[in-house]
There are 2 protein chains.
Amino acid sequence: MESRIERIKKQLHSASYKLTPQREATVRVLLEHEEDHLSAEDVYLLVKEKSPEIGLATVYRTLELLTELKVVDKINFGDGVSRFDLRKEGAAHFHHHLICIECGAVEEIQDDLLEDVEKIVERDWRFKIKDHRLIFHGICWKCQEKTDINKKTD
Amino acid sequence: MESRIERIKKQLHSASYKLTPQREATVRVLLEHEEDHLSAEDVYLLVKEKSPEIGLATVYRTLELLTELKVVDKINFGDGVSRFDLRKEGAAHFHHHLICIECGAVEEIQDDLLEDVEKIVERDWRFKIKDHRLIFHGICWKCQEKTDINKKTD
DNA sequence: CTCCTTGCAAATCTTTTGCAAGTTT
DNA sequence: AAACTTGCAAAAGATTTGCAAGGAG
């Protein structure tokens, strides 16, 4: 069976790009931290652990390239940095995020919750949807429990 | 009847802030460009037209303050800048956006399309939703028509 | 050789901050 | 006077770019 990195390599090749060692190191970090919503800086630091000679600009250039090829999705949670999420293979749509405003935890929702909403938007606004971004801000269950406990003891 | 700016003034006062001339000038620009998704820089330039003595830092500080009071919502469309949208009065939730990837047009959707989705998220993920951001990227009807015409003449 | 890619440093862009001066109460 | 607010300039942080050098075909 073909590995994930092999397939990404092919995606690069079919767009006339090479999978250089630097690009491979970057992709590997993304694969190893799929759930982590890394910033460019985060990726850079992790890449550097194994390949100290790689420069920050190269990481930025690679992430830009991967975004262009839709291997990753660039997301912005409202803090000043862009974050990069590997697109799940075969995923027609980008997944959604829950951000806890108390503890900052980010949870992913893979379910496509927007099917019905998208039908409405395409019909009523005559808008051909290509991609979406859905983020909920709120309080995760862990923080809800913390608050409940505090209320009892206060 | 009470003006929009009067109500914003009260919101400021109830949080112990003043509606200084600088803040008023900034709010007025936002009111006059409700549909425009202005960046901080945009707001600054428009404010400067009428009040040239106002500094960029003050505009940033005012926008931050208004965001905190939920008079405006800070949004990020993925280009490097934050944009500021006046929150509709009485709107329980933030409105949604359609961004055309051909012409860059941004359309607003005021309808709350997410009621059902939010119920599911609150129930299945035990997540208490406080706010949301929903952006669709795609092709607006105008650009769809352009493409259709080109196909015919090609 | 030619084209692509990289590393480094410098540049750019957005946003924040320190601080002295001005305002309001 | 005490607290808040402002303008300016400097600082900070994220990202991009110029360029000379390295590497693959």
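What you see below is based on every heavy atom in this structure, not just the backbone, and it leaves out hydrogens, waters and symmetry mates. Residue numbers begin at 1 in each chain, while the letters A, B, ... track the order of the sequences.
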Between C1' of D/dA9 and CD1 of B/I54, the distance in whole Å: 18 Å
Contacts of A/H37 that satisfy ring-ring contact (aromatic ring centres under 6.0 Å, His included) - sequence neighbours left out: A/F77, A/H97
Kindly determine whether B/E34 and B/K88 satisfy salt bridge (Lys or Arg N to Asp or Glu O under 4.0 Å), including the steps that lead there. CA-CA 9 Å; B/E34 267 205 89; B/K88 293 280 176 296; 3.5 Å; yes
Side chain to side chain contact (heavy atoms under 4.5 Å, CB included) filter on B/E32, not counting sequence neighbours, yields B/R28, B/K50
The remaining residues in the hydrophobic cluster of A/W141, counting side-chain heavy-atom contacts under 4.5 Å among Ile, Leu, Val, Met, Phe, Trp and Tyr, are none
Separation of D/dT5 atom P from B/K18 atom NZ, nearest Å, is 5 Å
Search all heavy atoms of B/C143 against all heavy atoms of B/E102 and return the closest pair with its distance. SG-CB, 3.6 Å
If I take atom CG in residue B/N76 and atom C1' in nucleotide D/dA14, what distance separates them, rounded to the nearest angstrom? 13 Å
Fellow cluster residues of A/W125, listed by chain then number, with links counted only when side-chain atoms sit under 4.5 Å apart: A/L98, A/I109, A/L113, A/L114, A/V117, A/I120, A/V121, A/F127, A/I129, A/L134, A/F136, B/L98, B/I109, B/L113, B/L114, B/V117, B/I120, B/V121, B/W125, B/F127, B/I129, B/L134, B/F136
For residues 61-78 of chain A, which residue pairs pass the side-chain hydrogen bond (donor to acceptor under 3.5 Å, both in side chains) check, not counting sequence neighbours? A/D73-A/R87
Could you tell me whether the side chain of B/R126 reaches within less than 4.5 Å of the side chain of A/E145, counting heavy atoms only? yes
Pairing residues for A/E49 by the side chain to side chain contact (heavy atoms under 4.5 Å, CB included) criterion, not counting sequence neighbours: A/L46
Chain B reaches DNA chain C, atoms under 4.0 Å from its heavy atoms, from C/dT14 to C/dG18
Grab the CD-P distance between B/E53 and D/dT5 for me, whole Å please. 18 Å
Kindly state which residues belonging to residues 19-26 of chain B come within less than 4.0 angstrom of DNA chain D, counting heavy atoms of the residue only, listed by number. B/T20, B/Q22, B/R23
Under the side-chain hydrogen bond (donor to acceptor under 3.5 Å, both in side chains) rule, what do B/H132 and B/E118 come out as? Steps first, then yes or no, please. CA-CA 9 Å; B/H132 57 222; B/E118 296 196 342; 2.6 Å; yes
Just jot down the side chain to side chain contact (heavy atoms under 4.5 Å, CB included) partners of B/E115, sequence neighbours excluded, or say none. B/D112
Listed pairs, N/O of protein and of nucleotides 15-17 of chain D, under 3.5 Å:
unit_1 : atom_1 : unit_2 : atom_2 : d
D/dT15 : OP1    : A/S82  : N      : 3.1
D/dT15 : OP1    : A/S82  : OG     : 3.4
D/dT15 : OP2    : A/Y60  : OH     : 2.5
D/dT15 : O5'    : A/Y60  : OH     : 3.3

Share the residues that join B/I139 in a hydrophobic cluster, the rule being Ile, Leu, Val, Met, Phe, Trp or Tyr side chains under 4.5 Å apart at the heavy-atom level. B/I101
Does the side chain of A/E24 pick up a donor-acceptor pair with the side chain of A/Q22 at under 3.5 Å? no
In degrees, rounded to 10°, what is the bend between the two ends of the helix from C/dC1-D/dG25 to C/dT25-D/dA1, using five pairs at each? 10°
